[in-house]
> 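Quick one: the structure is below, and I'll ask about it shortly.
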Amino acid sequence: MGTSENLDVFKNAISFFTGRNRRVSLGKKRHTQLRQLLERLALVYHPEYNMDLGPHVFPARKYAMIYNQVKEDPKLSSLPALQPAPVGEEELSLVHTPEFISDFMNLRYTDRTMYSELPLNQTMVRSFCLGVGGTILATEMTENYKYVYHIGGGFHHSMPDRAEGFCYLNDAAIATKLYLQKYPERKVLFIDLDLHQGNGNARIFQGDPSVWTFSMHQEELYPKKEKSNLDIPLDNGTGDKTYLSRLQDGLDKIQKEFKPDLIYYFAGADPFEDDSLGDLKLTFDGLKARDKMVKTFADSLDIPVVVMPAGGYARNFHDTVRIHFNTIRVFASLI
C-alpha cells in the first residue's frame with residue numbers, strides 16, 4: 001500500500017470516529033474492517049533517517065534495514081507506513097531553548113551542541129527534524145491505531161538547552177507537549193527500557209503531574225542520572241530472569257499509582273548481551289519477553305502505544321536490526 005493510499009485510509013478512519021460519517025449506515029462487514037484497522041499496528045518512517053556515518057558506533061543505517069525487513073515479510077508487508085514532514089522552530093520551542101535551537105539549526109559548535117557525539121551538518125539537522133515530526137505523527141495516529149511503531153526516534157538524552165550523547169532533539173518530549181496541549185486532561189507514561197537512563201525526559205518532566213517517567217537501565221553507565229518518577233537501576237551482568245522480574249515489579253507499581261492515556265515505549269536493543277556499550281545480559285528471547293510484557297501491560301489498560309527503537313549497538317550490527325524487528329513482530333502479535 002502506497003503512502004497516498006495509507007493517508008486516505010487514515011483520514012477515513014478519523015472521519016468515522018470523529019462523527020462526520022455517523023449518519024452513514026455502515027454494514028457489519030465494513031464496521032468490522034474499520035475496527036480491525038484501528039486495532040492493528042501502523043508504522044512511521046522516512047528514508048532520510050538513514051545517514052552514512054562511516055565507522056561511527058551509532059548505526060544510523062539500521063532504520064532502512066528495519067523498514068526493508070518489514071516490507072519483505074509477507075505477514076507485515078501490508079502494514080500502513082506513513083512519512084512525516086520535518087518540524088520547525090515553533091514545535092522545537094515547546095521543549096528546547098531559543099539559544100539551543102539557533103545553534104543547532106545554524107550548525108554552530110557551542111557549549112549547547114558540543115556534547116553531542118554526532119556530527120553537526122545540514123543532513124543531521126534535517127534527519128532530526130524529520131524524526132521529531134515522525135514521533136509527532138505517530139502520536140497523532142494513536143487516535144486511530146492501537147500501536148504505532150516509529151522506525152526512528154527515542155532520543156531521550158536531549159535536554160532543553162543542550163544536546164547529549166546521540167541525541168540532538170528530544171522527539172518524544174516535543175510530541176508529548178503537543179499531545180497535552182490538545183488533550184490537557186490526559187496523562188502520558190514513558191516506559192524507557194533502553195540500556196541508558198532517559199535522563200533528558202526525566203529532567204524535562206520533573207514535577208509535571210501529567211507525565212510519569214519510568215526508566216530501567218544499567219546503573220554504572222552514562223549518563224549522569226536525573227530523577228525519574230520511577231528509576232530501576234540494574235547491576236552489570238543482569239540477565240533475563242532478574243530483568244523481567246524487576247520490570248514486572250515496576251509495571252505493577254505504575255498500575256497502582258498512575259493512570260495513563262498514552263504510552264511512549266523506548267524499546268532499546270542495547271540491553272542485549274552482546275551490545276558493545278553495555279554490560280546487561282539479555283538474550284533475544286529475553287528481549288522479546290520484555291516487549292510482550294509492555295504490550296500486555298498496555299492491553300490491560302486498553303491504551304495505545306508509540307514504540308520507538310531508541311539505542312542499540314550490538315557487535316554484530318544485524319543483531320541490533322533483529323532485535324528491533326522482533327519488537328515490531330511482538331506488537332503485530334506474531335510472536
Side-chain angles (χ1 to χ4, degrees), residues 94-96 132 135-136 138-143 146-150 153-160 164 167 170-219 223-234 243-268 271 290-311 327 331:
L94 292 170
V95 167
H96 296 292
V132 174
T135 301
I136 291 171
T139 303
E140 293 170 348
M141 291 170 66
T142 61
E143 294 300 305
K146 194 168 186 179
Y147 315 112
V148 184
Y149 190 104
H150 178 199
F155 296 103
H156 57 170
H157 298 310
S158 178
M159 295 288 182
E164 275 203 19
C167 307
N170 197 314
D171 55 300
I174 294 167
T176 296
K177 293 284 189 178
L178 278 172
Y179 177 79
L180 293 175
Q181 278 187 353
K182 186 175 183 180
Y183 304 107
E185 76 287 354
R186 295 188 184 180
K187 296 187 176 182
V188 173
L189 171 64
F190 283 25
I191 298 179
D192 194 328
L193 301 183
D194 192 84
L195 172 73
H196 307 90
Q197 191 209 34
N199 61 325
N201 291 322
R203 166 76 70 84
I204 290 164
F205 293 109
Q206 280 176 5
D208 187 336
S210 297
V211 181
W212 179 290
T213 54
F214 166 41
S215 181
M216 192 164 83
H217 49 265
Q218 184 177 327
E219 178 66 7
K224 180 181 178 181
K225 305 301 185 287
E226 298 284 345
K227 183 174 176 54
S228 308
N229 291 93
L230 176 60
D231 285 300
I232 298 183
L234 300 172
Y243 185 100
L244 297 172
S245 175
R246 299 204 67 188
L247 174 57
Q248 189 61 61
D249 290 343
L251 296 175
D252 289 345
K253 179 178 175 62
I254 294 167
Q255 196 154 22
K256 293 175 183 176
E257 298 185 17
F258 191 72
K259 304 299 180 187
D261 299 284
L262 173 67
I263 293 172
Y264 288 95
Y265 174 35
F266 299 76
R290 173 200 70 170
D291 295 340
K292 289 179 182 179
M293 287 176 66
V294 174
K295 181 176 181 292
T296 298
F297 174 77
D299 289 348
S300 74
L301 300 176
D302 194 25
I303 59 175
V305 186
V306 173
V307 187
M308 298 158 291
T327 300
F331 279 87

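Treat the numbers as computed from the prediction; the structure is a model and nothing was measured.
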> Enter the distance from Ile136:CD1 to Leu94:CG here, rounded to the nearest 0.5 Å.
8.0 Å
> Do you know the tightest heavy-atom contact between Thr142 and Pro304?
CB-CB, 3.7 Å
> Is any side-chain heavy atom of Thr139 less than 4.5 Å from a side-chain heavy atom of Leu178?
no
> What closest approach, in Å, do Ala202 and Thr213 show between heavy atoms, and which atom pair accounts for it?
CA-OG1, 4.2 Å
> Partners of Glu185 by side-chain contact (heavy atoms from CB on, under 4.5 Å), sequence neighbours excluded?
Tyr183
> Would you please name every residue forming a side-chain hydrogen bond (donor to acceptor under 3.5 Å, both in side chains) with Lys225, sequence neighbours left out?
none
> Let me confirm one number: the CG-CG distance from Asn201 to Asn170, rounded to the nearest 0.5 Å.
4.5 Å
> Would you check if Val211 and Tyr179 make a side-chain contact, meaning some heavy-atom pair closer than 4.5 Å?
no
> Rounded to the nearest 0.5 Å, what's the gap from CD on Gln248 to OG1 on Thr296? Could you check?
8.5 Å
> Within the 4.5 Å heavy-atom criterion, are Phe297 and Leu189 side-chain neighbours or not?
yes
> Mind checking what makes ring-ring contact (aromatic ring centres under 6.0 Å, His included) contact with Phe190, not counting sequence neighbours?
Phe205, Tyr264, Phe266
> Is the shortest side-chain heavy-atom distance between Gln197 and Glu226 below 4.5 Å?
yes
> Does the side chain of Leu301 reach to within under 4.5 Å of the side chain of Lys259, using non-hydrogen atoms?
no
> What are the two closest non-hydrogen atoms of Pro233 and Asp231, and how far apart are they?
CD-O, 3.5 Å
> Tell me the salt bridge (Lys or Arg N to Asp or Glu O under 4.0 Å) pairs involving residues 295-308, sequence neighbours left out?
Lys146-Asp299, Lys295-Asp299
> For Arg290, what residues pass the salt bridge (charged side-chain N to carboxylate O under 4.0 Å, His left out) criterion, not counting sequence neighbours?
none
> Quick one: closest heavy-atom pair of Tyr243 and Pro271, and the distance?
OH-CG, 4.4 Å
> Are Met308 and Asp171 close enough, and set up right, to give a side chain to side chain contact (heavy atoms under 4.5 Å, CB included), and what steps lead you there?
CA-CA 10 Å; Met308 298 158 291; Asp171 55 300; 3.7 Å; yes
> Flag the pair Glu143 and Arg186 as a salt bridge only when some basic side-chain nitrogen lies within less than 4.0 angstrom of an acidic carboxylate oxygen.
yes
> What heavy-atom pair brings Asp194 and Ala310 nearest, and what distance separates the two atoms?
OD1-CB, 3.5 Å
> Closest approach of Asp291 and Ala267, non-hydrogen atoms and distance?
OD1-CB, 4.3 Å
> Quick one: does any side-chain atom of Asn229 pair with a main-chain N or O of Phe214 as donor and acceptor, under 3.5 Å?
no
> Could you walk me through whether Ser215 and His156 pass the side chain to side chain contact (heavy atoms under 4.5 Å, CB included) check?
CA-CA 11 Å; Ser215 181; His156 57 170; over 6 Å; no
> Do Thr135 and Phe155 make a side-chain contact, defined as non-hydrogen atoms from C-beta onward lying under 4.5 Å apart?
no
> Roughly how far apart are Lys224 NZ and Glu164 CD, rounded to 0.5 Å?
9.5 Å
> Tell me every residue that passes side-chain hydrogen bond (donor to acceptor under 3.5 Å, both in side chains) with His96, counting only those two or more places apart in sequence or in another chain.
none
> Which value, rounded to the nearest 0.5 Å, describes the distance between Leu234 atom CG and His217 atom NE2?
7.5 Å
> Hey, are the side chains of Leu180 and Val188 touching, using non-hydrogen atoms and a 4.5 Å cut-off?
yes
> May I ask you to test the Ile191-Leu251 pair for a side-chain heavy-atom distance under 4.5 Å?
yes
> What's the spacing between His157 NE2 and Asn199 CG if we round to 0.5 Å?
6.0 Å
